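One structure is given below, encoded as C-alpha cells.
Starting from 1, each residue takes its place in the sequence as its number. Because the structure is a prediction, the values reported are computed rather than measured. The basis for the numbers below is simple: all heavy atoms, side chains too, and nothing from hydrogens, waters or symmetry mates. Atoms within a ligand are numbered from 1 in the order they appear, just like the ligands themselves.
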Amino acid sequence: MSDLLTPRPAGWHPPALAPDYKSSRLRSPQNKPLHMPTGPAELAGPTFGHDLIGPNDHNMIINYTGEMAIGSRLIVHGRVQDEDGQPVTGALIEAWQANAGGRYRHKNEGYLAPLDPNFGGCGRTITDDQGHYRFLTIQPGAYPWPNGPNSWRPAHIHFSLFGHSFAQRLITQMYFEGDPLISLCPIVQAIPSEQAVKTLVARLDMDANTPMDSIAYRFDMTLRGRDQTHFETKPEGS
Ligand SMILES: [Fe+2]
C-alpha cells in the first residue's frame, strides 16, 4: 500500500535543531531516533467516546464558567482532509490558546497580563461527516516569551487532532492572516518552506461570519493519506 502514498515533501518540517528557536538547542535529539513499530494495540479504537463531547465544548467563549470571556468574538472553522482531499470524519480536535491579553491559564505561566476569570482557553470537537469542524472563541493576544531579548509569539491557536487511535495524532498551530509577527517568530521561521508556513495561516472568511456577532477565519488541515498507518507498520526497508 505504501506506493499509494504521496511522499512527504522534503524540507516541509523544521529541523529538530533550529538554533534561533532557543529551546530546540536542548530539545533536539543527540542520537539517531529509534524505530518504534506501530502494533495492533496502538491502532485499535476507539480511544474516546463521542458522547463525551459536551454541547459547549467547542465554545471557548462560555465553556469555562458559563459566562462570556472577554475579547473579540471569533469563529474558527475548516475541514480536515487527507492528502487525496477526502474528508477525515469523526476526528477529535482539541484546541488551546491564550486569552485576549496573551496569557494562558497554566500554573507555569508568568506573563503579567491578567487572567480572564471566564476564559479557560481549551475546547474540543469532532469533525462531522464532511470532515468539518467549528470552534467559537475569542481572539488570542500575542505574548512575549524568553527566547531572545524581544521575542513575541504571533497570535495563535494550538490544535491536536486524533484520527482513529492514539497512534494517529497531529499537533499544530494556527496563525492569523496578515499578522506582522508571523515573519518575526523564530518558531515559525524554523520552518524551511514558505509554502508550509502558509498552510498554518488561517484566512479571513467574511462569508462565514455571524453578522453583528462574530468574525470568521477558515483553517483547513490536511493529513497524510488514509494508508499512512499501513506504511508505518511495514518493517523498515521493505
Ligand atoms: Fe502558544
Side-chain angles (χ1 to χ4, degrees), residues 12-28 57-61 63-64 69-78 80 92-125 133-162 169-193 196-204 215-221:
W12 192 254
H13 286 277
L17 175 60
D20 288 343
Y21 176 11
K22 196 169 78 176
S23 302
S24 76
R25 298 179 201 166
L26 290 176
R27 288 179 185 162
S28 52
D57 282 9
H58 73 292
N59 186 344
M60 290 187 263
I61 297 174
N63 72 7
Y64 193 61
I70 295 170
S72 300
R73 295 163 64 83
L74 288 187
I75 297 163
V76 176
H77 76 115
V80 181
L92 174 66
I93 305 183
E94 297 167 298
W96 62 100
Q97 65 169 84
N99 69 20
R103 178 165 172 157
Y104 283 100
R105 183 175 291 279
H106 189 280
K107 63 181 181 181
N108 294 334
E109 166 70 279
Y111 185 34
L112 55 77
L115 281 172
D116 176 347
N118 295 316
F119 187 69
C122 301
R124 59 183 182 175
T125 191
Y133 73 93
R134 188 169 185 265
F135 284 102
L136 304 180
T137 188
I138 53 97
Q139 173 73 43
Y143 58 82
W145 58 300
N147 182 70
N150 192 18
S151 296
W152 287 76
R153 296 300 332 278
H156 61 277
I157 300 177
H158 298 262
F159 285 101
S160 159
L161 282 79
F162 280 108
R169 190 181 186 197
L170 171 78
I171 297 176
T172 192
Q173 295 185 32
M174 183 205 96
Y175 303 95
F176 293 86
E177 180 179 15
D179 186 341
L181 290 173
I182 294 172
S183 63
L184 301 176
C185 176
I187 292 179
V188 177
Q189 294 310 310
I191 301 169
S193 161
V197 172
K198 282 182 183 167
T199 68
L200 303 179
V201 179
R203 305 293 165 196
L204 185 65
I215 203 161
Y217 281 82
R218 175 151 186 153
F219 184 55
D220 293 338
M221 293 180 259

Who passes salt bridge (charged side-chain N to carboxylate O under 4.0 Å, His left out) against [X], sequence neighbours left out?
| X | answer |
| --- | --- |
| R73 | D213 |
| R103 | none |
| R105 | none |

Would you tell me whether T125 and R134 have side-chain atoms, one donor and one acceptor, within less than 3.5 Å of each other? no
Q. Is the distance between the ring centroids of H156 and Y143 under 6.0 Å?
A. yes
Checklist entry - Run the side chain to side chain contact (heavy atoms under 4.5 Å, CB included) check on L204 and I215 step by step: do they pass? => result CA-CA 8 Å; L204 185 65; I215 203 161; 3.9 Å; yes
Distance filter < 2.8 Å from the Fe ion (ligand 1), protein N/O/S hits 4
